[in-house]
Amino acid sequence: MSTQPTETSHGVKDEDLGVARWKIILASVVGTTIEFYDFYIYATAAVSIFPLIFFPGGDPQTALLASMATFGAAFVARPLGSVIFGHMGDRIGRKATLIGALLTMGIATFIIGLLPTFFQIGLWAPAMLTIMRFCQGLGLGGEWSGAALLVTETAKPGKRASAAMWPQLGAPFGFLLANGFFLILTLAFGYDSATHGADHVFIDWVWRVPFLASIVMVAIGLWVRLSLEETPVFKQAVAKDERVKAPLKDVFAKNWWELILGTFIMYATYVLFYLMTTWVLSYAIGSADTGGLGTSYNDFLVIQLISILFFAAFVPVSGFLADKFGRKPTMLVITALMIVFGLLFGWWLNADVIISDDGTLNSARMIVFMIVGMSLMGLTFGPMSAILPELFPTETRYTGSGIAYNVSSILGAALTPFIAAWLMGAFDVSYVGYYLAAASAITLIFLALSPETKYRSLANFDVDEVQRQR
């Protein structure tokens with residue numbers, strides 16, 4: 001007779017949901033897709049556009065670093081957003097908070113599309129850009145944990161990781177939309193970053209179109225989320241008067257170790273993702289003066305768009321694996337593979353091997369590198385929306401999972417493009433891979449220290465029992 005434990009039900013029946021599960025899934029996917037779309041169009045512009053119109057003058061490397069610094073401003077804001085929206089989510093409810101996060105992010109993105117440039121108002125331009133980037137970070141800080149809770153707190157027993165992978169698909173979907181939009185515009189207006197400077201129509205105004213168009217997606221997301229009801233798990237907490245007055249204080253007092261675990265479990269995922277999206281783009285299209293490969297923006301963007309399909313494909317795979325084998329063993333294996341991948345950066349990306357004899361990019365080699373990296377990204381990112389919420393009780397789950405996720409964003413994402421650019425300038429591309437390997441080793445240690453959360457009930461969370469398991 002098997003003694004294998006089973007995931008306990010958190011009391012959610014289909015008739016208790018008020019809406020069909022497909023609508024809950026749609027709301028989580030649409031919302032995170034919009035949020036990540038907004039985030040990615042900034043990331044793309046920060047590499048290829050903003051150094052020319054918001055940080056002109058000086059050498060190209062300095063302009064790129066300045067643009068990357070504003071990119072990192074959102075990650076400073078994200079923990080603050082997780083505190084603000086986390087308090088609302090744990091006190092008021094998941095639904096209202098998700099709507100607020102969506103509007104904060106969407107309005108800030110739309111305003112970026114209207115900003116004057118440095119040539120029009122001087123230093124006020126990068127200052128306003130940084131403020132709007134900060135607001136983007138606030139919104140995203142509250143978005144992810146709310147979307148994750150929306151699906152985990154309504155999932156069927158034994159299928160929580162598979163359900164939780166849906167909002168994770170917002171990352172690759174948002175990337176495809178954002179960068180696909182940029183690719184279409186660059187082709188339509190004949191813009192090539194390798195040959196054109198700041199005197200092109202694309203730099204004059206076309207770059208604004210993806211930012212302004214985001215308002216349409218925000219309206220769609222708002223319509224979907226307004227039709228939702230509160231999650232049964234949160235309703236149960238309200239009925240039992242289990243809400244706390246100060247979720248932030250409570251989570252630091254009772255779940256400080258879970259905050260540390262969640263932060264570093266997520267750490268390597270962030271490092272990998274921003275190396276495979278933001279840094280690798282700057283490396284590929286950057287000139288030899290900045291240590292880059294001098295590849296056409298359009299050519300490399302096609303490679304990124306192909307590889308992101310593998311990111312999306314492996315997210316559901318990871319959800320299945322985490323449900324079948326458990327969160328901890330699944331993530332230990334994936335993180336170990338990330339260490340190996342990091343150690344091979346120099347072999348894969350060194351300019352002597354990635355650039356052919358005729359001076360062109362070895363596209364096949366780059367495509368394989370990107371596919372492997374993005375496949376690993378899908379595997380490591382997929383289970384996170386189950387693992388982090390499972391660490392915390394209902395009354396502080398929004399706050400706790402959001403803080404862990406977004407503090408990790410400072411350590412693993414905000415600094416990554418900047419550190420990678422510095423390592424390229426001081427050393428070579430191999431050291432960027434060593435950085436990823438070191439980050440993955442840190443995550444591996446904290447995964448080894450973490451409990452298996454697959455069998456926990458989200459509704460009947462015993463904090464005292466969790467503390468005794470430490």
Side-chain angles (χ1 to χ4, degrees), residues 43 64-65 68-69 71-72 75-76 78-79 171 257 259-284 286 291-292 307 311 314 318 327-351 353-354 368-384 387-388 403-450:
L64 177 61
L65 289 175
M68 287 299 183
F71 177 77
F75 295 99
V76 177
R78 283 172 66 166
W257 176 240
L259 285 173
I260 294 173
L261 281 178
T263 297
F264 286 99
I265 286 172
M266 188 71 200
Y267 175 55
T269 300
Y270 267 124
V271 172
L272 175 63
F273 183 66
Y274 283 91
L275 286 180
M276 297 304 299
T277 54
T278 305
W279 169 78
V280 77
L281 176 63
S282 66
Y283 177 58
S307 67
F311 179 6
F314 277 92
S318 66
R327 292 34 164 164
K328 186 173 178 176
T330 299
M331 288 304 301
L332 284 171
V333 172
I334 294 167
T335 307
L337 292 174
M338 288 165 58
I339 294 175
V340 176
F341 180 64
L343 294 176
L344 293 175
F345 261 47
W347 174 80
W348 231 317
L349 292 180
N350 190 288
V353 296
I354 201 72
V368 173
F369 169 81
M370 292 295 297
I371 287 175
V372 172
M374 284 299 186
S375 298
L376 286 172
M377 184 59 212
L379 289 171
T380 186
F381 190 57
M384 289 301 171
I387 294 171
L388 298 191
I403 290 175
Y405 182 85
N406 290 296
V407 169
S408 184
S409 75
I410 294 180
L411 301 176
L415 299 177
T416 289
F418 191 90
I419 291 175
W422 177 81
L423 287 171
M424 280 297 303
F427 303 101
D428 58 45
V429 71
S430 298
Y431 284 81
V432 178
Y434 299 155
Y435 172 48
L436 171 61
S440 301
I442 292 171
T443 288
L444 198 69
I445 293 170
F446 281 90
L447 281 168
L449 295 173
S450 67

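Numbers here are sequence positions counted from 1. Atoms considered below: every heavy atom in the structure, side chains included; atoms not considered: hydrogens, waters and symmetry mates.
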> Roughly how far, to the nearest 0.5 Å, is CG of L272 from CE of M374?
Replying inline: 8.0 Å
>> So does S440 get a backbone contact from the side chain of T335, meaning a donor-acceptor N/O pair under 3.5 Å?
In response: no
> At their closest point, which heavy atom of A171 faces which heavy atom of F311, and how far apart are they?
Replying inline: CB-CZ, 3.9 Å
>> If you compare all heavy atoms of T263 against all heavy atoms of S408, which two are closest, and at what distance to 0.1 Å?
In response: O-OG, 2.9 Å
>> Is any side-chain heavy atom of M266 closer than 4.5 Å to one of N406?
In response: no
> Under the ring pair (Phe, Tyr, Trp, His ring centres under 6.0 Å) test, which residues partner F446, sequence neighbours left out?
Replying inline: F264
>> Counting C-beta onward and ignoring hydrogens, is there a side-chain heavy-atom pair between W422 and L415 closer than 4.5 Å?
In response: no
>> Nearest 0.5 angstrom please: I403 CD1 to L388 CG, how far?
In response: 12.0 Å
> Using the ring of each side chain (for Trp, its six-membered ring), is Y431 parallel, tilted or perpendicular to Y434, with breaks at 30° and 60°?
Replying inline: perpendicular
> Taking the side chain from T443 and the backbone from A268, do they hold a donor-acceptor pair closer than 3.5 Å?
Replying inline: yes
>> When you compare the side chain of M384 with that of I265, does any pair of heavy atoms fall below 4.5 Å?
In response: yes
>> Consider ring pair (Phe, Tyr, Trp, His ring centres under 6.0 Å). Of Y283, W347, F341, which one does F369 pass it with?
In response: F341
> How many angstroms lie between CG in L332 and CG in L337, if you round to the nearest 0.5 Å?
Replying inline: 11.0 Å
>> Using the ring pair (Phe, Tyr, Trp, His ring centres under 6.0 Å) criterion, which residues pair with F314? Sequence neighbours excluded.
In response: none
> Heavy-atom distance under 4.5 Å between the side chains of V280 and L275, does that happen here?
Replying inline: no
> What closest approach, in Å, do P383 and M331 show between heavy atoms, and which atom pair accounts for it?
Replying inline: CG-SD, 3.8 Å
>> If you compare all heavy atoms of G382 against all heavy atoms of S318, which two are closest, and at what distance to 0.1 Å?
In response: CA-OG, 3.1 Å
> At their closest point, which heavy atom of V271 faces which heavy atom of A439, and how far apart are they?
Replying inline: CG2-CB, 3.8 Å
> What residues form a ring pair (Phe, Tyr, Trp, His ring centres under 6.0 Å) with Y270, not counting sequence neighbours?
Replying inline: Y405
> How long is the span from the CZ atom in R78 to the CD1 atom in I410, to the nearest 0.5 Å?
Replying inline: 9.5 Å
> Do Y435 and F345 have ring centroids that are under 6.0 Å from one another?
Replying inline: no
> Measuring from I334:CD1 to I339:CD1, what's the distance to the nearest 0.5 Å?
Replying inline: 13.0 Å
> What are the two closest heavy atoms between A437 and L343, and how far apart are they?
Replying inline: CB-CD2, 3.9 Å
>> Between L376 and T380, is there a side-chain heavy-atom distance shorter than 4.5 Å?
In response: no
